[in-house]
Amino acid sequence: MTSRFKDNMLFSSIADFTKRKEADLLVFPFWEGDKKAVAAAPLGSFAAILKEPLEAKDFVGKEGDTLLIYPTKEEKRCMLLGLGKEEEVTIDRLRHSFAAMTRFCLKKTIEKVNIVTPIVKEKEVTQEGVLIGIVEGVLLSNYRWKITESTKKQSLLQSVTLVGVATSLLRSVERFETIAQGIYLTRDLINGNADDVTPRFLANVAEEASKKFPSIKVDIFDKKRIIKEKLGLLAAVGRGSSQETLMIVASYQGNARSKDHTVLVGKGITFDTGGLNLKPTGSMETMRDDMSGAATVLATLQTAAALGLKCNITAIVPTAENGIDALSFKPGDVYHAYNGKTVEIGNTDAEGRLILADALAYAVKNLKPTRIIDIATLTGSIVIALGEGIAGLMSNSDDLADKLMASGIITAEPLWRMPLFHPYRELLQSDIADIKNVGGRPAGSILAALFLHEFVDKIPWAHLDIAGTAFLNKEKGYWPKNGVGFGVRLLINFLSNL
Ligand code: BES
Ligand code: ZN
Ligand code: ZN
């Protein structure tokens with residue numbers, strides 16, 4: 001599972017249409033309503049072959065439409081692929097069209113594809129943008145969660161040649177192949193059984209990353225160290241499980257001369273039963289995804305190292321299982337956070353903010369962060385507010401928030417900023433401690449963020465609540481069913497712009 005980051009590439013390119021190699025499929029893209037394929041290179045005799053299905057109106061070229069034809073020539077089959085209306089083209093529409101092509105290939109066990117690369121006359125999307133759309137659309141959907149023996153044998157695309165593209169232009173999008181490996185790793189970690197992807201497993205992922213990339217250094221805090229360091233909230237949350245409770249501190253130094261330092265904190269609850277405030281049936285079944293934030297930051301760190309980004313990053317993953325046991329931490333009790341604040345447990349199911357609070361406070365005190373970004377499947381409330389397509393963003397810094405939003409627009413991982421509305425802080429007031437970890441159902445996501453805010457001091461900080469976007473019960477465009485890998489491209493884009 002962790003042996004991602006291969007060297008072999010899925011994509012190659014060839015400028016001349018007549019020099020393309022054999023493949024299982026040749027893809028011709030069409031704008032909706034157009035009578036001719038949009039090709040970056042002349043198509044020779046193929047132009048005539050493509051006419052008939054269009055004249056018969058079997059294919060109109062709507063976004064993601066596919067039609068197969070079987071000319072008796074070089075490739076076994078040809079596909080007409082709809083891109084939608086040319087005047088409405090965006091990179092994301094291209095992602096969707098080429099994801100549809102990829103899903104078709106996966107269904108039909110097609111492994112080798114030649115794509116006639118389209119050209120876009122509209123100024124909105126550059127030729128590089130076209131390649132980004134194709135490459136990301138294909139890579140994001142060329143994934144299977146290989147769990148059973150039969151799914152392990154199912155094919156994936158093995159080779160995709162962009163016809164009509166100079167090699168130099170392909171170079172500019174090669175980095176997405178590396179980023180895709182990070183996304184696949186994130187998905188694998190989310191999808192794996194909670195009994196397999198344990199806190200120790202996540203620690204091993206980090207250790208392996210440091211072996212593969214010498215620029216990554218890893219420190220694993222075990223239970224003894226967690227107690228000694230007084231990470232009291234993390235220790236409390238992990239008490240009710242036979243799995244170890246750990247804190248992973250993994251850093252990548254890509255710019256030794258700079259003091260700029262981004263700390264990424266990822267929620268690593270490998271299973272969330274809710275604890276003694278047990279979740280009901282129907283709410284627990286997907287809770288192996290409660291380490292999605294952890295998977296995202298560990299994969300982002302490795303991807304940054306693989307890309308050699310010129311920035312300094314530390315990923316902190318507080319990780320535990322929120323189990324239920326005689327030793328479980330208890331509602332109504334008070335525990336000490338790393339920064340000395342006392343926390344009354346109003347609900348053991350609001351455990352994510354507890355382990356994050358310790359990790360945030362640890363970062364503030366020890367890591368001299370320029371900025372902190374945490375990412376977490378934190379609240380059911382954000383799913384109600386924003387659904388499964390948009391993640392919540394809360395921040396004490398307009399600048400940081402704006403930059404993250406901008407990255408999310410580019411990578412089509414949309415964020416929506418929610419207010420860090422300080423008057424609601426009083427809802428978290430406790431009679432017996434400095435703060436309580438819950439404050440009622442209204443504005444649940446904002447309350448969670450206000451709780452975290454107590455542990456970041458004045459450091460520019462942003463919180464991404466991915467409870468809705470990390471995991472899907474149904475495939476949606478290029479986002480797969482189950483673990484999505486939401487946030488990896490966004491964070492890589494953000495870090496690349498630093
Ligand atoms: N892990 C859950 C949040 C969650 C919900 C993630 C749905 C993914 C999908 C979190 O630990 C939790 O249980 N939050 C509670 C907080 C409440 C007790 C204040 C919630 O949102 O109900
Ligand atoms: Zn919970
Ligand atoms: Zn949780």
Side-chain angles (χ1 to χ4, degrees), residues 13 15-18 20 23-108 110 113-141 157 160-165 169 173 389 409-410 412 475-479:
S13 69
D16 187 346
F17 180 71
T18 58
R20 70 191 188 281
D24 307 321
L25 175 70
L26 174 61
V27 179
F28 291 99
F30 281 81
W31 299 120
E32 187 172 337
D34 255 16
K35 291 270 175 278
K36 262 170 72 185
V38 279
L43 300 179
S45 59
F46 267 93
I49 295 166
L50 298 170
K51 261 196 178 145
E52 288 165 36
L54 293 167
E55 270 161 16
K57 296 210 167 60
D58 287 354
F59 175 84
V60 291
K62 282 205 189 330
E63 179 187 307
D65 266 3
T66 58
L67 181 84
L68 284 195
I69 57 170
Y70 301 86
T72 49
K73 299 248 171 91
E74 292 86 339
E75 281 89 357
K76 268 184 241 154
R77 13 173 143 59
C78 293
M79 175 191 277
L80 282 68
L81 176 67
L83 304 182
K85 295 206 175 82
E86 181 170 17
E87 61 275 18
E88 289 173 5
V89 66
T90 62
I91 291 177
D92 205 44
R93 283 173 181 263
L94 291 169
R95 284 189 193 105
H96 279 287
S97 295
F98 285 91
M101 178 214 86
T102 307
R103 282 198 301 276
F104 181 91
C105 293
L106 263 53
K107 243 181 246 149
K108 300 278 182 209
I110 291 169
V113 179
N114 289 331
I115 295 176
V116 171
T117 311
I119 36 168
V120 182
K121 283 189 246 93
E122 294 290 316
K123 297 274 178 309
E124 257 45 35
V125 180
T126 62
Q127 196 57 21
E128 189 188 350
V130 171
L131 296 193
I132 292 172
I134 298 175
V135 169
E136 291 199 347
V138 169
L139 287 169
L140 285 170
S141 36
L157 284 178
V160 178
T161 305
L162 298 178
V163 181
V165 172
L169 198 54
V173 293
I409 289 169
I410 288 169
E475 172 182 275
K476 196 140 199 311
Y478 50 75
W479 294 134

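We count residues from 1, following the sequence as given.
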[X] vs [Y] side-chain heavy atoms within contact, under 4.5 Å:
| X | Y | result |
| --- | --- | --- |
| Leu106 | Ser141 | no |
| Val125 | Ile132 | no |
| Val27 | Val163 | no |
| Leu26 | Phe17 | yes |

Contacts of type side chain to side chain contact (heavy atoms under 4.5 Å, CB included), residue [X], not counting sequence neighbours:
| X | value |
| --- | --- |
| Lys108 | Phe104, Ile110 |
| Ile119 | Ala40, Gln127 |
| Glu87 | Lys85, Glu122 |

Closest approach of [X] to [Y] (non-hydrogen atoms, all atoms of both residues):
| X | Y | result |
| --- | --- | --- |
| Ala100 | Gly64 | CB-O, 3.6 Å |
| Ala37 | Phe30 | N-CE2, 3.4 Å |
| Leu83 | Ser97 | CA-OG, 3.6 Å |
| Pro53 | Leu80 | CG-CD2, 4.1 Å |
| Ala99 | Tyr478 | CB-CB, 3.6 Å |
| Ala39 | Val116 | CB-CG1, 3.4 Å |

Report task. Take Asp34 and Leu54 through the test side chain to side chain contact (heavy atoms under 4.5 Å, CB included) and record every step on the way to the result. Result -> CA-CA 9 Å; Asp34 255 16; Leu54 293 167; over 6 Å; no
With sequence neighbours left out, write down each residue that passes side-chain hydrogen bond (donor to acceptor under 3.5 Å, both in side chains) with [X], or none if nothing qualifies.
| X | result |
| --- | --- |
| Ser13 | none |
| Glu32 | Lys62 |
| Thr18 | Asp16 |

Requested in this report: Please lay out, stage by stage, how Leu25 and Leu68 fare under the test side chain to side chain contact (heavy atoms under 4.5 Å, CB included).
Outcome: CA-CA 9 Å; Leu25 175 70; Leu68 284 195; 4.1 Å; yes
Would you give the length of the straight line joining atom [atom1] of [X] to atom [atom2] of [Y], rounded to the nearest 0.5 angstrom?
| X | Y | atom1 | atom2 | answer |
| --- | --- | --- | --- | --- |
| Thr102 | Leu140 | OG1 | CG | 9.5 Å |
| Thr161 | Asn114 | OG1 | CG | 5.0 Å |
| Ile134 | Thr117 | CD1 | OG1 | 5.0 Å |
| Leu94 | Leu81 | CG | CG | 9.5 Å |
| Leu169 | Leu131 | CG | CG | 4.5 Å |
| Glu52 | Phe59 | CD | CZ | 15.0 Å |

Query - Where at least one partner belongs to residues 90-107, residue pairs that pass salt bridge (Lys or Arg N to Asp or Glu O under 4.0 Å), sequence neighbours excluded - result: Glu63-Arg93, Glu88-Arg93, Asp92-Arg95, Arg95-Glu136, Arg103-Glu475
Query raised in the report: ring-ring contact (aromatic ring centres under 6.0 Å, His included) with Phe98: which residues, sequence neighbours excluded?
Result: none
Requested in this report: List in chain and number order the residues that pass salt bridge (charged side-chain N to carboxylate O under 4.0 Å, His left out) with Lys121, two or more places apart in sequence or in another chain; answer none if no residue qualifies.
Outcome: Glu86
Query raised in the report: What's the verdict on side chain to side chain contact (heavy atoms under 4.5 Å, CB included) for Val138 and Met101, showing C-alpha distance, side-chain angles and the deciding distance?
Result: CA-CA 8 Å; Val138 169; Met101 178 214 86; 4.0 Å; yes
Query raised in the report: Could you go step by step and tell me if Leu67 and Phe28 meet the side chain to side chain contact (heavy atoms under 4.5 Å, CB included) rule?
Result: CA-CA 10 Å; Leu67 181 84; Phe28 291 99; over 6 Å; no
